[in-house]
Each structure stands twice: as C-alpha cells, then as structure tokens.
Amino acid sequence: MKIILEKVVKRFGETVIVKGADLTIEDGEMFFLLGPSGCGKTTILRMLAGFYDPEEGRILFGDKNIIGTPPYLRNTALVFQNYAVWPHMSVFENVAYGLRVRQVKGPELDKRVNAALAQVKMSHLSERKPSQLSGGQQQRVALARAIVVNPDLLLFDEPLSNLDAKLRIEMRDQIKRLHAQTRMTSLYVTHDQEEALSLATRIAVMNAGIIQQTGTPTEIYNKPANAFVASFIGEMNFIPHTSKLGQALHVPEGKKIGVRPEHVRVSPQRDLPLHGTVLISTYLGSKNELTIKTLEGEEIRAWSPEFIPEGSSVTFAVPDNHMHFYPIDDPVASH
Ligand code: ATP
C-alpha cells in the first residue's frame, strides 16, 4: 500500500522533533529512514504505527488519512530490536497470535503460520519456547509474526542492533530475501548506513528533524545533496577553498569540495600533480587505506588498490568528475 506523509510536524512540549516531513513510500518499497541518534526517525515510525499523532500535516495509507486511527485499527506490524516475543508461548503460538486476534482459525491458521515459519526457516523449531532460542532465532520469530498478518505496512525499528556482526549480516540477507518474495511495503529505521545501502529501495536521510535527501542508495552515495549527507554516508574528504590544497585544486571562493577516498588517485611514482607522504597506511586486503600528508601539512584520505608503506613519498590527484561542491559552512555529520 502506498504511504504518504504530507508536511508532518511533531512536537513534544516546546520542542519540534519532526519539522515538516514530506515522504512517499511507494507500494512494495523497502524504504529507509536513516540518520543519527535523536534525529526524529523513530518518532516518524511511531506516528505511522499510531502510537501518537502529528500536530500538523496528513498521513495517508492509500487514500485514507489515518490520523486519529488507533494502532490496532491500522494494519501495520512492527519488528524491533528487543524481539518482543512472548516467553510463555511456543514459536508457533507466537506467530499464530496476530491471526487469532483477527479471528483466523483451523486449517487456514495452520497453513499461514507454517508458511511464515518456512519463510524465515524456523519450521523445525515451531514447538520451542523463546528461551530455548538464540537471539537470531528469536528475531526470525518476530519477523514471522509480523509478516503472517500480511500488514499494509511493515515497520522495522533498528531490528538488527542487538545481534552480533555475523548474525546481523545473516539477518540482513534474510530480510532482503523476504522482501523480494513478499514485496510488503516496509519502512525501516536505522542509523546504520550499511543496512540502508544494502537493503533499501530508497532512503530518506534525516538530521535534526529535517529530511535532507531522498533517493536510491546509489543516488545518495554518488550525489549527496549536502555536506551532511556526504559525510554521514560513506567517507568524504572536505577541502575548503581556504586551504593550500583547495587553492591547488582551484576550489571556488566560499566553497569546499567533497571527494571520496576511493576517488583520490595515488601513485608511488612522481606522475600525478600533487605531492605528499603516507602518514598512516592500513592494509585491509581488498584495499589499502591511506592518510596522506601534503608538503604544507594538510591531510587527505585515499584508498589505493595496492599496498603503500607508511613514510613513502607519493603523488596524488583529485579527478574533476568526482568533486562535489558545497558551501564552505555547510555542516557535516559528527561521527
Ligand atoms: P534513536 O536512533 O536514538 O532512537 P531517533 O532518530 O529515532 O533516535 P527519536 O526517538 O525520534 O530519535 O527522538 C527524537 C527526539 O525526540 C529525541 O531528542 C528524543 O529525546 C525526543 N523524544 C522522543 N519521544 C519523546 C517523548 N515522548 N517526549 C518527549 N521527547 C521525546
């Protein structure tokens, strides 16, 4: 189902938390809200779930304005970081619960619960209690419980943040496969750029209650609309016109350029226009991350496919087609 937020404003007391959000989530999308802690993304998710309503604006599910509709009358389902599976119920009963509430019974109930458990590869554990499951398995149960009711909107609130790194990648793949199979309209809230880039059909990047940019993962990464987005997603060098490097690169007055480290060309020979020394060299197998110090003492990060040891003299270049121009005082994300 298509979901639209129009000029949505949410205040808590005097503080404006969401400052006029406009968003369209197309039917079948896996839409991400990405931003730092406290930017207001969970507040948007909760307004969609119906836990509270905005002070201004409209929220449409299809063509129906659902403001004022209580959570249980909105056909949404939520997966969040603390799994929230019921400890006293078996896996089967946890998944069946939402259907029983909706008066689904008998063979139809069995069929739907079994199908949802099969989709998250949990059929063989259907009689277990949650205490007999790992964190990853509990999260699969939570996922099955959410999809079994066939929600108009599936909401994910940082669902992977309690899992260790390996499980997180496994669950990420699981969610991706599940979405490819079901095409359920989904909104996923996270501060993890990797989750967003790898799973999203589109991403809205938020900061301080304002949506900064909406686009596909490649649009957001390759054409960041401002310095905040550029620095929040991936790594970005910023070179102001006031620096020696900025002058060498002819950065226009009042501007800074952004360039990603993978686009800075580096050579151990003297064949590129700018000169420096490798201050830090971190070899990661697939790439070598370098911090290069220029003759004037300025630093730039560059990724080289080959290993270059610390202390090496290098030359480097910043290709014109990989420069992004921003106002010099455009704020950047603090990591
Ligand atoms: P996080 O990733 O840390 O959850 P977030 O982007 O999801 O961050 P929100 O949970 O939407 O952020 O909170 C945004 C701001 O609103 C925070 O400063 C928070 O303290 C405030 N806030 C959230 N809920 C309430 C509430 N019920 N009453 C007052 N302030 C609130």
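All values reported here derive from a predicted model rather than from experimental measurement. Residue numbers count from 1 along this sequence. Counting starts at 1 for both ligands and their atoms, following the listed order.
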Under 3.5 Å, is there a donor-acceptor pair linking the side chains of T185 and D152? no
Report all N/O contacts between ligand 1 and the protein shorter than 3.5 Å as a table of atom names and distances to 0.1 Å; if there are none, say 'none'.
{"residue": "ligand 1", "atom": "2 (O)", "partner": "K41", "partner atom": "NZ", "Å": "2.8"}
{"residue": "ligand 1", "atom": "3 (O)", "partner": "S37", "partner atom": "OG", "Å": "2.6"}
{"residue": "ligand 1", "atom": "4 (O)", "partner": "T42", "partner atom": "OG1", "Å": "3.4"}
{"residue": "ligand 1", "atom": "6 (O)", "partner": "G38", "partner atom": "N", "Å": "3.4"}
{"residue": "ligand 1", "atom": "6 (O)", "partner": "C39", "partner atom": "N", "Å": "3.0"}
{"residue": "ligand 1", "atom": "6 (O)", "partner": "G40", "partner atom": "N", "Å": "3.0"}
{"residue": "ligand 1", "atom": "6 (O)", "partner": "K41", "partner atom": "N", "Å": "3.2"}
{"residue": "ligand 1", "atom": "6 (O)", "partner": "K41", "partner atom": "NZ", "Å": "3.1"}
{"residue": "ligand 1", "atom": "7 (O)", "partner": "T42", "partner atom": "N", "Å": "2.9"}
{"residue": "ligand 1", "atom": "7 (O)", "partner": "T42", "partner atom": "OG1", "Å": "2.3"}
{"residue": "ligand 1", "atom": "8 (O)", "partner": "G38", "partner atom": "N", "Å": "2.7"}
{"residue": "ligand 1", "atom": "11 (O)", "partner": "T42", "partner atom": "N", "Å": "3.4"}
{"residue": "ligand 1", "atom": "11 (O)", "partner": "T43", "partner atom": "N", "Å": "2.9"}
{"residue": "ligand 1", "atom": "11 (O)", "partner": "T43", "partner atom": "OG1", "Å": "2.5"}
{"residue": "ligand 1", "atom": "12 (O)", "partner": "G40", "partner atom": "N", "Å": "3.4"}

Whether the E299 and T291 side chains hold a donor-acceptor pair (N or O, under 3.5 Å, no angle test) is what I'd like checked. no
Do R301 and E289 meet the salt-bridge criterion of a basic N to acidic O distance under 4.0 Å? yes
How are the rings of F32 and Y188 set to each other: parallel, tilted or perpendicular (split at 30° and 60°)? parallel
Is the shortest distance from a Lys or Arg side-chain nitrogen in K287 or E262 to a carboxylate oxygen in the other one below 4.0 Å? no
Cationic tip of K255 above F325 ring, under 6.0 Å, 45° of axis: no
